[in-house]
Every structure is written in C-alpha cells, then in structure tokens.
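Small disclaimer: the values here were computed from a predicted structure and weren't measured. Residues take their numbers from the sequence shown, with the count starting at 1. The basis for the numbers below is simple: all heavy atoms, side chains too, and nothing from hydrogens, waters or symmetry mates.
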Amino acid sequence: MSYINRIVIHCAATANGRRLANARETATAVIDRWHKDRGFRRSTPFVNEFSPGLRHIGYHFVIDTNGTVEKGRAIGETGAHAKGYNTGSIGICLVGTDKFTQAQWEALALLYADLVEKYPRAVVCGHRDLSPDLNGDGKITSNEWTKICPGFDVAGWQALLLSPRSEWVCEEKP
C-alpha cells in the first residue's frame, strides 16, 4: 500500500457515449482483457483480496457511459495507468475519448469529491498533463502531449466547479 499523492483521470479511447459493458461483461472486464493483452499484471496478494476476477486492470476505477462506477484495483495498490506516476496514484478511466455522458460527469464529480476528501493533498490531473515539458517553460501545452487522454482539460473542469463544458458532453448510444 502506498501514500496517495496523485489522482489521474483517463479515457478509454473508445467511441463516445457507447458502453463497453454488455450482458456478459462489465467495462472493467473488457479493460482487464485489453490490459492483459498489453502485458499488465496485478500482484497476487491484491488480486486475492480485491477484485479477484480482474487480474490485469491498471485502473482503480472505471466509469461507464451509464454512470456506473466500477472498481478495478484497490486504493493503495500500485496502478498501471500512467508510466512513471503509478506509485501513490489513483487511476480513474472514463469510457469514451473526448465527450462523456451527463451520467459519467455526475459520477466523476461524486468520485472526485470523495477521493479529494480522503486524500486532500493529492494533485488531480489528466493523463495528458503528465507529458514531458519539452520546452522547459513549466507548463504542459497541447503541442507537448504524448496522449490526449482524457480528452478534456481537468484543471478547466475543476475551475468550472466540476461542471463540464457543453462540448465535453454527449448522449449515451445503444
């Protein structure tokens, strides 16, 4: 278990508004399979104690398009979601790429509030905000991003009091 100093918001890089889950699988099960294919693996003691059916998932939470928040890794279990920043962090993944349903935004705001209350010293950022500062100006700008993930400006969302801009919202699709 590690001290939590960072909360990183991600996207699944999937179709906006389209669920990953179906009658047979949850979104976390789908992502677990993707992470298995990429060679991720959870530590056996954690798997045995928390989410034993998810042996590979790198995220701690996944938010599906209907607003369902699913747990992946245990809080304090080192994630596999942001290379170089996994220790002491919590990874949250929104299903979609750059637009999310109102249900997802509401679920993210509730999860955010809960985590920030529990870990008040944790920095909250988007995965893209962890890109290298190539020009040394102390800011990560869009020309320096190694990923667009999560497809929206996390600091901007926080400044809007956890309300998304209209261009970040989409409808859920069947």
Heavy-atom donor-acceptor pair, [X] side chain to [Y] backbone, under 3.5 Å:
| X | Y | result |
| --- | --- | --- |
| T101 | Q104 | yes |
| N86 | T78 | no |
| T26 | A29 | yes |
| N66 | T68 | yes |
| T146 | S131 | no |
| N48 | P45 | no |
| E70 | T28 | yes |
| N5 | A122 | no |
| K99 | G17 | no |
| T97 | A15 | no |

Discussion item. Quick one, D32 with K36, criterion salt bridge (Lys or Arg N to Asp or Glu O under 4.0 Å). Give me CA distance, side-chain angles, the key distance, then yes/no.
Written reply: CA-CA 6 Å; D32 186 64; K36 178 183 180 185; over 6 Å; no

Out of curiosity, [X] [atom1] to [Y] [atom2], how far, rounded to the nearest 0.5 Å?
| X | Y | atom1 | atom2 | value |
| --- | --- | --- | --- | --- |
| T87 | I4 | OG1 | CD1 | 10.0 Å |
| I31 | I57 | CD1 | CD1 | 5.5 Å |
| I9 | L108 | CD1 | CG | 4.5 Å |
| F50 | R73 | CZ | CZ | 11.5 Å |

Same apolar cluster (I L V M F W Y, side chains within < 4.5 Å links), [X]/[Y]:
| X | Y | result |
| --- | --- | --- |
| L110 | I7 | no |
| Y59 | V69 | no |
| V95 | V169 | no |
| F152 | I92 | yes |
| L94 | I148 | no |

Residue pair [X] / [Y]: nearest heavy atoms and the distance that separates them:
| X | Y | result |
| --- | --- | --- |
| G67 | A107 | O-CB, 3.3 Å |
| C149 | C11 | SG-N, 3.1 Å |
| G126 | P150 | CA-CD, 3.7 Å |

Practice prompt. Evaluate the criterion side-chain contact (heavy atoms from CB on, under 4.5 Å) for residue pair H127 and V154; output intermediate values, then yes/no.
Written response: CA-CA 9 Å; H127 189 190; V154 172; over 6 Å; no

Worksheet item: Just checking, any donor-acceptor pair under 3.5 angstrom between side chains of T65 and E172?
Response: yes

Worksheet item: Below 4.5 Å, heavy atoms only, C-beta onward: do D129 and K139 meet side chain to side chain?
Response: no

Practice prompt. Please tell me if the side chains of V8 and I90 come closer than 4.5 Å, counting only heavy atoms from C-beta onward.
Written response: no

Worksheet item: If you look only at pairs with a residue in residues 60-85, which of them pass as a ring-ring contact (aromatic ring centres under 6.0 Å, His included), with sequence neighbours excluded?
Response: H10-H81, H60-H81

Fill in: Ionic contact status for D37 with R33, cut-off 4.0 Å
no

Worksheet item: What orientation do W105 and F100 show, parallel under 30°, tilted 30 to 60°, or perpendicular over 60°?
Response: perpendicular

Discussion item. Would you call the rings of Y112 and W157 parallel, tilted or perpendicular, taking 30° and 60° as the class edges?
Written reply: perpendicular

Fill in: Identified side chain to side chain donor-acceptor pair (under 3.5 Å) partner of R42 from the options H56, H35, E77
E77

Discussion item. So, using side chain to side chain donor-acceptor pair (under 3.5 Å) as the criterion, who are the partners of R55 when residues are at least two apart?
Written reply: none

Discussion item. The criterion is side chain to side chain donor-acceptor pair (under 3.5 Å); which residues satisfy it with Y119, sequence neighbours excluded?
Written reply: none

Discussion item. Other residues, nucleotides and ligands only: do more than 12 of their heavy atoms fall within 6.0 Å of CD on E167?
Written reply: yes

Practice prompt. Carefully, step by step, assess L130 and C125 under the rule side-chain contact (heavy atoms from CB on, under 4.5 Å).
Written response: CA-CA 8 Å; L130 302 176; C125 63; 3.8 Å; yes

Practice prompt. Step by step, work out the side-chain contact (heavy atoms from CB on, under 4.5 Å) result for I140 and W145.
Written response: CA-CA 7 Å; I140 308 300; W145 293 340; 3.8 Å; yes

Discussion item. As a quick check of understanding, evaluate side-chain contact (heavy atoms from CB on, under 4.5 Å) for W34 and T14, giving each step before the final call.
Written reply: CA-CA 12 Å; W34 294 347; T14 57; 3.4 Å; yes

